Amino acid sequence: MNAQLLLRRSALVLGVAGFLVGGAYAQSPDPIPQQQDIHSDKKDIRQDKTDLAKDRADRNADQHDVNHDRRDLNKDRVDRNKDQRDINKDKRDLRKDDAKYGVNSAQAQADRKDLHADRVDRNKDQRDINKDKSNLTADRKDRNQDQRDINKDKRDLHKDHKDLRHDRKGK
């Protein structure tokens, strides 16, 4: 009876130990998926680095466009202001010539022609200014969007590095 009791207890202990080992094995992470996680994290890091480089190049190109549009805008403003000064001078000349030579004199007609040409130039410059302003706004919008993309890619890269470290630890 002692041998039979000993045999039963041994079988029971072995059975319980088997269950414990099976449970522990089931909870341990498989090395194959962990390697796949590390591989996918490395791939994500490479992709994020290329995205980051492309976004930086886009942002720099957009900043170049912003600078160019700002220079164009300033030049057009200078031209418009010069044309406005010419218009003001032609108005003074026209008033003087009207008073001195009469309204239908040759000098007054030439002043009116100059005044008209200067107004046409000023209006053209104002249209250029308006176009440059809209281009500048669009380029700034593109540049700001590229900067937001850069910031997002930096966050993604940081998260991917963190995931990779976590997967290498094996936790």
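Bear in mind that the values here come from a model prediction, so they are computed numbers and not experimental data. The figures here come from the full heavy-atom set of this structure, side chains too, leaving out hydrogens, waters and symmetry mates.
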Checking D97 now: which residues fulfil salt bridge (Lys or Arg N to Asp or Glu O under 4.0 Å) with it, not counting sequence neighbours?
none

Residues in side chain to side chain donor-acceptor pair (under 3.5 Å) with [X], at least two apart?
X    : answer
R148 : Q145
K82  : none
D76  : none
K162 : none

Once side chain to side chain contact (heavy atoms under 4.5 Å, CB included) is applied, do any residues pair with [X], and if so which ones, sequence neighbours excluded?
X    : value
S105 : Y101, Q107, A108
K89  : R92, D93
D160 : D44, I45, D48, D163

Hey, what do you get for [atom1] ([X]) to [atom2] ([Y]), rounding to the nearest 0.5 Å?
X    : Y    : atom1 : atom2 : answer
D153 : L157 : CG    : CG    : 8.5 Å
Q63  : D146 : CD    : CG    : 11.0 Å
D149 : D142 : CG    : CG    : 10.5 Å
L115 : L94  : CG    : CG    : 6.5 Å
R59  : R143 : CZ    : CZ    : 9.5 Å

Return yes when atom NE2 of H68 has more than 12 non-hydrogen atoms of other residues, nucleotides or ligands closer than 6.0 Å, and no otherwise.
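No - once you tally the heavy atoms of other residues, nucleotides and ligands closer than 6.0 Å, there are 12 at most.
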
How would you list all residue pairs meeting salt bridge (Lys or Arg N to Asp or Glu O under 4.0 Å) that involve residues 63-74, not counting sequence neighbours?
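Found none.
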
Quick test of your reading: applying salt bridge (Lys or Arg N to Asp or Glu O under 4.0 Å), list the pairs with at least one residue in residues 105-123, sequence neighbours left out, ordered by first then second residue.
D98-R112

Anything under 3.5 Å between a donor and an acceptor, one on a side chain of residues 51-58, the other on a protein residue two or more places apart or in another chain? List them.
{"unit_1": "D51", "atom_1": "OD1", "unit_2": "Q47", "atom_2": "NE2", "d": "3.2"}

Quick test of your reading: applying side chain to side chain donor-acceptor pair (under 3.5 Å), list the pairs with at least one residue in residues 129-138, sequence neighbours left out, ordered by first then second residue.
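Side chain to side chain donor-acceptor pair (under 3.5 Å) check on residues 129-138 returns Q126-N130.
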
Stepwise side chain to side chain contact (heavy atoms under 4.5 Å, CB included) test for T50 and R46
CA-CA 6 Å; T50 58; R46 280 192 306 272; 5.8 Å; no

Linking I/L/V/M/F/W/Y whenever their side-chain heavy atoms sit closer than 4.5 Å, directly or via other members, would I129 and V66 fall into one cluster?
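Yes.
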
